[in-house]
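Notes for the one structure printed next.
First the proteins, then the strands, lettered A, B, ... as listed; each starts at 1.
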Amino acid sequence: MIEYETAEGLVAVRLTEVEAYAGTVDAASHAYRGPTRRNAVMFGPPGYAYVYFTYGMHFCVNLVCASSGTAAAVLVRAGQVIEGADVAGARRARDSTAGTSTARTSTARTSTARDSTAGSSAARTSAARNGTAVERDLARGPARLCQALAIDAALNGADVCDPASPLRARTGERVPRRVIRSGPRTGVRGAAEVPWRFWVAGEPTVSPYRAHVPRARARPGTASTPR
DNA sequence: CGTCGGATAATCT
DNA sequence: GATTATCCGACGA
C-alpha cells in the first residue's frame, strides 16, 4: 500500500500493478546511462520516492529498492483506492478539466456514495455519474495514481519508510503468489521484452498493456509557420 | 469494443 | 532539437 496525507485528507492505495527497473544494466531504466540530476534519488539509499515528470504533464512515482550506488527501483503503476476516494476523485476531476470548457464539476460535492462493494451492477444511470468506472480509474495507471494522491516533484526524495512522513509505503494484506502475473513493461522502448511488469490477476484497477509507440513529432520548421 | 493523434515541458545529447 | 516508464478524446465498427 502507498498512502499520502495532506490537508485535503488521507488517500490510501492498495497496489495492484508495478514495474521493476534495474538501473545501469537495464536499457529501460532512467538510470541506464548513469547518474544525472533527474535520477539522482535512484542512486541513493532505498526506501525513498523517485518522482519524475514526463510527457510535459504527468508525474510518476517509483520506490527505490537497492542500496546506494545501485539504481534499482519499482515504478508504482496502479492500485485500488481504499481510502479517501472522494478526495482522489475531486483531484482527478479537477485536473482533467483543466483544459476543457467546464471548469466546475458538479460531482465535487456529492461524492459520499462510495459504499458499493457488493455485486450490485447498478450504476450507469444516465450521463451524470458513472461512479463505478470513475472509481476504478482513480489510480489505474502511474500518472493517474499520482494525480489521485497529489504526488508531484516536491515529493521527489521523500522518505517513504518513515511512518511520520506524509508519503509512506505500508505493508498490507499479503497477495498469494499464484495470483501474481508478469509480462513486458508498458510503453518502454529499450529492453521491452524483459517481463518485469507484475500485476494481480483479475484486478480491474490494473492498467491496460500498451507497447511503446515511437512518436515522430510534427516537423519543427513547418508547424509554427502556417505559410 | 479498438486504434489514432494531440497535448506539453523537463531532460539529455 | 529530439525524445518521453502517459492520458484523453475522437472516430469507426
Side-chain angles (χ1 to χ4, degrees), chain A residues 2 15-43 49-65 71-79 88-89 91-102 105 124 127 130 132-134 136-157 182-199 204-226:
Chain A
I2 186 171
L15 302 187
T16 56
E17 179 189 357
V18 296
E19 272 175 9
Y21 291 87
T24 55
V25 300
D26 181 3
S29 174
H30 286 171
Y32 184 51
R33 308 202 176 237
T36 65
R37 173 97 136 246
R38 176 172 73 155
N39 64 30
V41 174
M42 272 200 288
F43 284 88
Y50 161 52
V51 180
Y52 68 90
F53 183 71
T54 191
Y55 288 102
M57 61 190 92
H58 296 304
F59 292 101
C60 298
V61 62
N62 293 248
L63 304 179
V64 179
C65 297
V74 166
L75 170 67
V76 179
R77 282 200 57 89
R91 287 169 177 160
R92 291 262 309 136
R94 257 206 304 277
D95 294 359
S96 57
T97 54
T100 62
S101 57
T102 313
T105 53
R124 58 168 153 188
N130 39 0
T132 308
V134 169
R136 182 195 63 174
D137 289 346
L138 284 178
R140 191 187 190 209
R144 288 167 167 180
L145 183 142
C146 281
Q147 233 179 58
L149 290 175
I151 291 177
D152 61 9
L155 287 169
N156 189 36
S182 71
R185 293 170 288 186
T186 299
V188 298
R189 189 167 66 162
E193 70 286 353
V194 178
W196 283 352
R197 172 178 181 239
F198 301 93
W199 67 93
T205 54
V206 174
S207 71
Y209 171 77
R210 297 170 61 161
H212 179 258
V213 182
R215 206 61 86 89
R217 229 195 120 187
R219 283 276 186 32
T222 59
S224 59
T225 316

For A/S207, is there any backbone N or O sitting under 3.5 Å from a side-chain donor or acceptor partner on A/E17? yes
Counting distance only, does the side-chain N/O of A/R144 pair as donor-acceptor with the main-chain N or O of A/R140 below 3.5 Å? yes
Using atom [atom1] of [X] as one end and atom [atom2] of [N] as the other, report the distance to the nearest whole Å.
X: A/R189; N: B/dC12; atom1: CZ; atom2: C1'; answer: 12 Å
X: A/L138; N: C/dC7; atom1: CG; atom2: C1'; answer: 15 Å
X: A/R136; N: C/dC7; atom1: CZ; atom2: C1'; answer: 14 Å
X: A/R215; N: B/dT8; atom1: CZ; atom2: C1'; answer: 13 Å
X: A/M57; N: B/dT11; atom1: CE; atom2: C1'; answer: 15 Å
X: A/R33; N: C/dA2; atom1: CZ; atom2: C1'; answer: 13 Å
X: A/H212; N: C/dT4; atom1: NE2; atom2: P; answer: 4 Å
X: A/R37; N: B/dT13; atom1: CZ; atom2: C1'; answer: 17 Å

Determine the minimum heavy-atom distance between A/R210 and A/T186, stating which atoms define it. O-CG2, 3.5 Å
Shortest non-hydrogen separation from A/A192 to A/P184 and the atoms involved: O-CB, 3.2 Å
Is the phosphate of [N] approached by [X] (side-chain N or O, under 4.0 Å from OP1 or OP2)?
X: A/T54; N: C/dT6; result: no
X: A/R144; N: C/dC8; result: yes
X: A/R92; N: C/dC8; result: yes
X: A/R77; N: C/dA5; result: no
X: A/H58; N: B/dT8; result: no

The side chain of [X] lies closest to which of these nucleotides: [options]?
X: A/A143; options: B/dC12, C/dT6, C/dC8; answer: C/dT6
X: A/Y50; options: B/dA10, C/dA5, C/dC7; answer: C/dA5
X: A/R38; options: C/dT3, B/dT11, C/dT6; answer: B/dT11
X: A/F53; options: B/dA10, C/dA5, C/dC7; answer: B/dA10
X: A/R210; options: C/dA5, C/dC7, B/dA10; answer: C/dC7

C/dC11: pairing nucleotide in any strand, Watson-Crick or G-U under 3.5 angstrom: B/dG2
With distance as the sole criterion, is a donor-acceptor pair present between the side chains of A/R92 and A/Q147 under 3.5 Å? yes
Under 4.0 Å, heavy atoms only, any strand: does A/Y55 hit a base, just the sugar-phosphate, or nothing? base
Look at all strands and tell whether A/H30 reaches a base, only sugar-phosphate, or nothing, counting heavy atoms closer than 4.0 Å. base
Could you check whether A/Y52 and the base of C/dA5 form a stacked pair, meaning centres closer than 5.5 Å and planes differing by less than 30°? no
Select from A/A31 and A/Q147 the residue whose nearest nucleotide in DNA chain C is closer to the 5' end of that strand. A/A31
Give a yes or no on whether A/Y32 atom OH has more than 12 heavy-atom contacts from other residues, nucleotides or ligands under 6.0 Å away. no
